[in-house]
Amino acid sequence: MTETPETDAAIYPITGVDIVWPEFARKLERERDAAIAERDELRRMNKELQLTFDLRWKADQRAIGRWQNAHAGRELTWPDRADMVVWLLENHNQPK
């Protein structure tokens, strides 16, 4: 298998004639390869961010559940994050 030449002159050694399409095709291939690499990196980053989000969401849901259990009659209320964190810290070391 031969390597693709970088210049049209290597393919078409005609003096004074510019052949544009082969170089244009190579440029498009390079741009496509760069776009595919960028897409793959973005997918990897998205997966990592989704895992982080899911971890945080589950922790928040557990904390909200504890807050709701401790506040009878307010089971349908979601506390403000700051209020919930303060409440969790205040009640963390109290015996059950």
Query raised in the report: Within a strict 4.5 Å, meaning less than it, do heavy atoms of the Arg44 and Glu41 side chains meet?
Result: yes

Report task. Enter the distance from Arg26:CZ to Glu31:CD here, rounded to the nearest 0.5 Å. Result -> 13.5 Å

Requested in this report: Decide whether Trp67 and Leu88 are clustered together by the hydrophobic rule: side chain heavy atoms of Ile, Leu, Val, Met, Phe, Trp, Tyr closer than 4.5 Å, transitively.
Outcome: yes

**Report entry** Minimum heavy-atom distance Arg66-Trp87, with the two atoms named
**Finding:** O-CH2, 3.6 Å

Report summary line: Distance col, row Ile64:CD1 vs Trp57:CH2, nearest 0.5 angstrom, shows 7.0 Å

Query raised in the report: Is any side-chain heavy atom of Asp33 less than 4.5 Å from a side-chain heavy atom of Arg30?
Result: no

Query raised in the report: Under the salt bridge (charged side-chain N to carboxylate O under 4.0 Å, His left out) criterion, do Glu29 and Arg32 qualify, and how do the steps go?
Result: CA-CA 5 Å; Glu29 287 174 351; Arg32 180 202 61 206; 5.4 Å; no

Query raised in the report: In Å and rounded to the nearest 0.5 Å, what is the CH2 to CG distance from Trp78 to Asp83?
Result: 15.0 Å

Report task. Kindly compute the distance separating CZ (Arg81) from CG (Asp60), expressed to the nearest 0.5 Å. Result -> 4.0 Å

Query raised in the report: Is the shortest heavy-atom distance from the side chain of Phe53 to the side chain of Leu49 under 4.5 Å?
Result: no

**Report entry** Gln50 and Asn46 side chains, donor-acceptor separation under 3.5 Å
**Finding:** no

